[in-house]
Structure formats: structure tokens, C-alpha cells
Chemist: 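Pasting a structure below so you can have a look.
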Number of protein chains: 2
Amino acid sequence: MSEDSGTAAKETTTERIPAALRREQILAAASRVFGERGYSGATTDQVAQAAGISQPYVVRMFGTKENLFLEVVARALDKLMTTFRETLAEHRPADDGDDADPLITRLGAAYVDLIDDRGILLSLMQAFITGHDPVIGAKAREGFLQIYRMLRDEAGFSPETIRDFLANGMLFNTLLAIRLPDIFEDDEAAEELMRCAFRGKLDVVLDASGATWTRS
Amino acid sequence: MSEDSGTAAKETTTERIPAALRREQILAAASRVFGERGYSGATTDQVAQAAGISQPYVVRMFGTKENLFLEVVARALDKLMTTFRETLAEHRPADDGDDADPLITRLGAAYVDLIDDRGILLSLMQAFITGHDPVIGAKAREGFLQIYRMLRDEAGFSPETIRDFLANGMLFNTLLAIRLPDIFEDDEAAEELMRCAFRGKLDVVLDASGATWTRS
DNA sequence: GTCTATAATCTGATAGAC
DNA sequence: GTCTATCAGATTATAGAC
């Protein structure tokens with residue numbers, strides 16, 4: 001009868017934890033929910049349930065749904081930029097010659113690895129697709145251009161190289177959004193496209209998609 | 001005092017027109033609205049206003065909002081497939097040699113030209129991003145794979161060629177969604193990216209975006 | 001720090017008149 | 001063929017208790 005009946009997946013009695021930590025939990029939940037259903041498609045109640053708290057508390061913590069979404073997107077962008085910069089830094093030492101994979105390939109791999117937090121990639125994509133909104137749209141444009149400038153000014157790529165890189169990223173996001181990894185092996189075209197689009201990273205993608213089948 | 005005061009942009013007295021024609025008007029309006037705001041973000045009332053009729057009539061005509069969206073997406077996919085097949089057919093005659101642009105370039109150009117009905121490209125993209133939905137998601141997956149198979153089986157491209165083609169398409173859709181064409185000349189990075197991404201088709205894109213500025 | 005209750009919309013859909 | 005009226009349900013946000 002105490003509050004310690006940890007069998008159910010969802011909390012019966014919510015623990016009292018520091019606001020800062022709760023904030024992170026909400027953001028993590030929101031990232032998943034917004035990533036799946038988009039800004040308008042997601043409800044603050046869905047976020048609340050995913051975080052195991054009440055709906056009003058979500059709103060109380062972030063003021064408005066829009067604020068929450070903007071924070072999620074800002075975090076996602078930040079994570080992406082940081083990941084790229086780390087990859088850039090790691091690459092510098094062995095810069096000359098063709099010792100290993102070219103930088104662009106490493107960045108692509110780093111991008112794909114972000115899939116283990118689907119929310120990051122999908123929330124960003126959802127922000128892009130909400131470009132019509134005055135507030136969200138402005139942030140989306142800003143964010144996209146920020147990535148472009150980083151690839152150009154910090155990584156030193158040509159516009160053409162960046163274009164191809166971004167294009168592959170958008171394709172990757174789209175395949176994730178339509179959940180192609182979920183119908184792997186169901187459809188020969190789906191499998192062929194995935195093998196080609198995800199290259200050596202197919203296993204990473206499939207793992208992250210919570211697939212429940214064994215290797216044949 | 002009669003119903004013929006054609007100065008306002010929106011109808012005051014709705015004309016009585018054939019259902020089939022009205023249906024087309026609604027679909028055209030819905031394509032624009034859904035393309036901008038997405039499935040959840042758009043309301044049947046917004047569609048109704050864009051079509052110049054009442055909200056209940058929109059619902060009456062298509063049963064449900066979901067049905068209307070599915071019809072919009074099916075039409076968009078159809079238009080895309082048809083456009084590609086026409087491009088394929090036109091190419092056949094002068095197939096051998098490098099007489100003009102390679103087929104893939106022509107297909108790319110045909111895709112960009114679809115921008116004069118933004119709704120087509122954006123509605124499709126909105127469908128892709130709504131992949132989590134059981135019904136819409138299924139159609140989105142199907143549609144995407146249909147395009148892939150066409151490019152492979154009818155156009156004869158390799159998976160790698162198709163991947164790059166689709167990737168550029170997704171980038172194009174994304175740039176459209178974040179309305180990059182609207183801030184052309186406002187931001188040097190935006191302009192550089194657009195020139196690179198849209199190649200020779202920049203003017204077509206800018207024209208279609210209802211830009212209101214004169215060439216410098 | 002977190003909840004319950006609830007106000008205030010908004011929105012999809014139905015009924016029925018003209 | 002099209003509208004007005006309207007209901008039912010969903011959803012963001014606020015108030016206030018604990």
C-alpha cells in the first residue's frame with residue numbers, strides 16, 4: 001500500500017523530485033512525442049503521460065506548449081551542432097592524407113548515430129515542416145542556416161558538398177518519419193532503399209528502431 | 001445589391017455549382033492548406049474558407065478530414081508519378097548518346113517545376129512526416145516506395161542514383177517548407193544554399209514563391 | 001513540487017432547412 | 001448543392017489545494 005509498487009510502467013504516485021531534473025524528463029518525453037506527431041499533432045497531455053506527470057504541470061513548467069516545443073528544438077539543434085563539432089575536432093589530428101574515412105563520411109556517420117535518440121532528428125524535422133508558423137518557422141530557418149554555415153565556415157566544405165550532405169540528411173529524416181525501418185524485410189524495395197541509404201549503418205538504424213526480430 | 005459584386009476576394013453569396021467541380025475546388029484549397037500546416041495543423045474550416053464555402057460542406061463532401069487529406073495526398077502522388085512518366089516518355093526517342101541533359105537531370109527539373117503548385121510537393125511531404133499515423137502513415141510509406149519502384153523499374157536507375165535523386169527531392173521539399181525562398185537576399189547563406197540547391201531553376205522557384213521584388 | 005478541478009476555447013461532425 | 005445551428009469531445013491554460 002506504500003508508494004513503492006514498482007511493477008507498473010507508469011507512476012501511480014509521482015515522486016517529488018528537483019524541478020531541474022523534472023524539467024529534463026519533460027524535455028526528453030516532449031522530444032519523443034513532438035518528434036512523432038509534430039507540433040500541432042502532439043498534445044501537452046501526451047507529453048505529460050510520457051513523462052509520468054500531470055498535464056497542468058507540463059504547462060506550468062514551460063508556460064506554453066509552444067515554448068516547450070521551441071526548447072525541444074533548440075536542444076536538438078544544439079546536440080546536432082555539438083556532435084558535428086566534436087567530429088570536426090576529432091578529425092583534425094590526422095587531417096592529411098587519406099588515412100581513414102574522409103571528414104564528410106564521418107559527419108554522416110555521426111548524424112546517423114544520433115538516431116539512438118530519434119527525438120532529436122525528428123523534432124528538428126518537425127520544426128522544419130512547421131515553417132509556416134511565425135515563431136517556429138523563424139527558428140527553423142535560423143537553425144537550418146546555422147547548420148549550413150557551420151559546415152561551410154568551420155568544416156570548410158563547398159556549397160555543393162554541403163548540399164549533398166544536407167540532402168542525404170533530409171532523406172534520412174524522411175525515411176525515419178515514414179518508419180521505413182519498421183517494414184524492413186516486409187518489402188523488397190524498402191529493404192533495397194534502406195541498404196543503400198543507410199550504407200554501413202543499417203544495423204545501427206535497425207537496432208534503434210526497437211525491432212524485435214532475430215538475424216536470419 | 002445583386003450577387004454580382006465581384007470586388008472582394010472571398011465570395012459573399014456562394015454560387016450553386018456542380019458537385020464535381022466544387023469537389024475539385026475543395027481539393028485545390030485543401031492541398032494548399034494541408035501543405036502549409038500539415039494534417040493536424042490544418043482545420044476543415046481553414047480549407048472551407050480557402051475554398052469560399054462553409055465548413056460543414058467540406059466535411060459533408062468528404063466524410064471526414066482524414067478522408068480529405070488522403071484524397072489530397074493521393075492526387076499529389078498521382079500528379080508526381082504522371083509527371084515523371086511523361087518525362088520518361090519524352091526522353092525515350094533521343095535515348096542514345098549525350099544529346100542533351102541526362103534523364104535524371106530532366107526528372108529533377110520536372111520535379112522542381114511542380115513547385116508552381118506548392119501544395120503537391122508540400123502535401124506529400126506532410127504525409128511523410130505524419131508517418132506515425134496508422135492510416136496516413138501506411139499510405140505515405142506506400143507512396144514513397146511506389147516512387148522508388150518507378151524510378152528503378154521504369155526509369156532503370158541504380159539504387160544509388162535513386163537515393164541521390166530522392167535525397168535532393170527531400171532537401172528541396174524542406175527548403176520549401178522552411179520558406180527559404182522568402183528570405184532570399186536577406187541572408188547570404190540562404191542565398192548561397194538556394195543557388196546551389198536549385199541550380200538553374202532558381203528563377204522558377206522564386207517566381208512561384210510570390211516574391212514581390214524586382215531584379216536588381 | 002505536484003495535483004485536481006475546471007474555465008475557455010477550438011474543432012470535427014451531425015441535423016435539418018432552403 | 002449549400003447553409004445555419006449546434007452538439008460533443010478534445011485541448012491549452014489557469015486557480016488553488018496540499
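What you are looking at is a predicted structure, and each value in this text was computed from that prediction instead of being measured. Basis for what follows: all heavy atoms, side chains included, without hydrogens, waters or symmetry-related copies.
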Chemist: Whole angstrom is fine here: how far is it from NZ in B/Lys65 over to C1' in C/dT11?
Modeler: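 Taking NZ of B/Lys65 and C1' of C/dT11, I get 8 Å after rounding.
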Chemist: A/Phe165 and A/Phe84: aromatic ring centres closer than 6.0 Å?
Modeler: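 Yes, the ring centres sit under 6.0 Å apart.
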Chemist: Start at the 5' end of DNA chain C and walk down; is the nucleotide closest to B/Asp45 or to A/Met61 reached first?
Modeler: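 Nearer the 5' end of the strand: A/Met61.
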Chemist: B/Glu66: what forms a salt bridge (charged side-chain N to carboxylate O under 4.0 Å, His left out) with it, not counting sequence neighbours?
Modeler: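 Per chain and number, B/Glu66 pairs via salt bridge (charged side-chain N to carboxylate O under 4.0 Å, His left out) with no residue.
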Chemist: Which atom pairs, one a donor and one an acceptor, fall under 3.5 Å between side chains of residues 117-125 of chain A and the rest of the protein, sequence neighbours left out?
Modeler:
from     : atom 1 : to       : atom 2 : distance (Å)
A/Asp117 : OD1    : A/Gly119 : N      : 3.2
A/Ser123 : OG     : A/Ser31  : O      : 3.0
A/Ser123 : OG     : A/Gly119 : O      : 2.8

Chemist: Please list, chain by chain and in numerical order, all residues satisfying side-chain contact (heavy atoms from CB on, under 4.5 Å) with B/Ser40, sequence neighbours excluded.
Modeler: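 Partners of B/Ser40 by the side-chain contact (heavy atoms from CB on, under 4.5 Å) criterion, ordered by chain and then number, come out as A/Ser40.
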Chemist: Mind calculating the distance between CG (B/Asn67) and P (C/dT14) to the nearest angstrom?
Modeler: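 Value for this atom pair: 11 Å.
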Chemist: Using 0.5 Å steps for rounding, measure from the CE atom of B/Met194 to the CG atom of B/Leu202.
Modeler: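 CG of B/Leu202 is found 5.0 Å from CE of B/Met194.
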Chemist: Quick one: on DNA chain D, does B/Gln55 or B/Arg16 contact a more 5' nucleotide (nearest heavy atom)?
Modeler: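 By nearest-heavy-atom nucleotide position, the 5'-most residue is B/Arg16.
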Chemist: Taking only residues two or more places apart in sequence or in another chain, which ones pass side-chain contact (heavy atoms from CB on, under 4.5 Å) with B/Arg149?
Modeler: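 With neighbours one apart ignored, the set is A/Asp187, A/Glu188, A/Ala189, B/Leu145, B/Arg152, B/Asp153.
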Chemist: Name every residue in residues 122-135 of chain B that has at least one heavy atom under 4.0 Å from any atom of DNA chain C, in order of residue number, or write none if there are no such residues.
Modeler: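 By residue number: none to list.
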Chemist: Which of parallel (below 30°), tilted (30 to 60°) and perpendicular (above 60°) describes A/Tyr39 and A/Phe69?
Modeler: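 A/Tyr39 and A/Phe69: tilted rings.
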Chemist: Would a distance-only check, ignoring hydrogens and angles, find a side-chain to backbone donor-acceptor pair under 3.5 Å from B/Lys79 to B/Leu114?
Modeler: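 No.
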Chemist: Taking 5' to 3' order, which nucleotide of DNA chain D is first and which is last to have an atom within less than 4.0 Å of a heavy atom in chain A?
Modeler: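 So the contact region on DNA chain D extends D/dT11 to D/dG16.
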Chemist: Using the side-chain contact (heavy atoms from CB on, under 4.5 Å) criterion, which residues pair with B/Ala138? Sequence neighbours excluded.
Modeler: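 If we apply the side-chain contact (heavy atoms from CB on, under 4.5 Å) test to B/Ala138, skipping adjacent residues, the hits are B/Arg141.
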Chemist: Under 4.0 angstrom, heavy atoms only, what part of the nucleic acid is B/Pro56 near: base, sugar-phosphate, or nothing?
Modeler: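 The answer is base, as B/Pro56 lies within the cut-off (heavy atoms under 4.0 Å) of a base atom.
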Chemist: According to side-chain contact (heavy atoms from CB on, under 4.5 Å), who are the partners of B/Asp113, at least two apart in sequence or on a separate chain?
Modeler: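 For B/Asp113 the side-chain contact (heavy atoms from CB on, under 4.5 Å) partners, ignoring immediate neighbours, are B/Lys201, B/Val204.
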Chemist: Salt bridge or not for B/Arg195 and B/Glu191, using N-O below 4.0 Å?
Modeler: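 Answer for the salt bridge query: yes.
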Chemist: Hey, does A/Ala20 reach any base, or is it just sugar-phosphate, or nothing, if we go heavy atoms under 4.0 Å?
Modeler: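 Nothing, no nucleic acid heavy atom in range.
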Chemist: In chain order, what residues pass the side-chain hydrogen bond (donor to acceptor under 3.5 Å, both in side chains) check against B/Gln146, with sequence neighbours excluded?
Modeler: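 For B/Gln146 there are no side-chain hydrogen bond (donor to acceptor under 3.5 Å, both in side chains) partners, ignoring immediate neighbours.
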Chemist: Using a cut-off of strictly less than 4.0 Å between a heavy atom of the residue and any atom of DNA chain C, enumerate the qualifying residues of residues 21-35 of chain B by number.
Modeler: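 None, since no heavy atom is under 4.0 Å.
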Chemist: Restricting to nitrogen or oxygen on both sides, can you table the protein-nucleotides 8-10 of chain C pairs closer than 3.5 Å?
Modeler:
none

Chemist: Report which part of the nucleic acid A/Ser54 touches: base, sugar-phosphate, or nothing (heavy-atom distance under 4.0 Å, all strands).
Modeler: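 Base contact.
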Chemist: Under the ring-ring contact (aromatic ring centres under 6.0 Å, His included) definition, can you give me all pairs with a residue in residues 130-154 of chain B, not counting sequence neighbours?
Modeler: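 Residue pairs passing ring-ring contact (aromatic ring centres under 6.0 Å, His included), neighbours aside: B/Phe128-B/Phe144.
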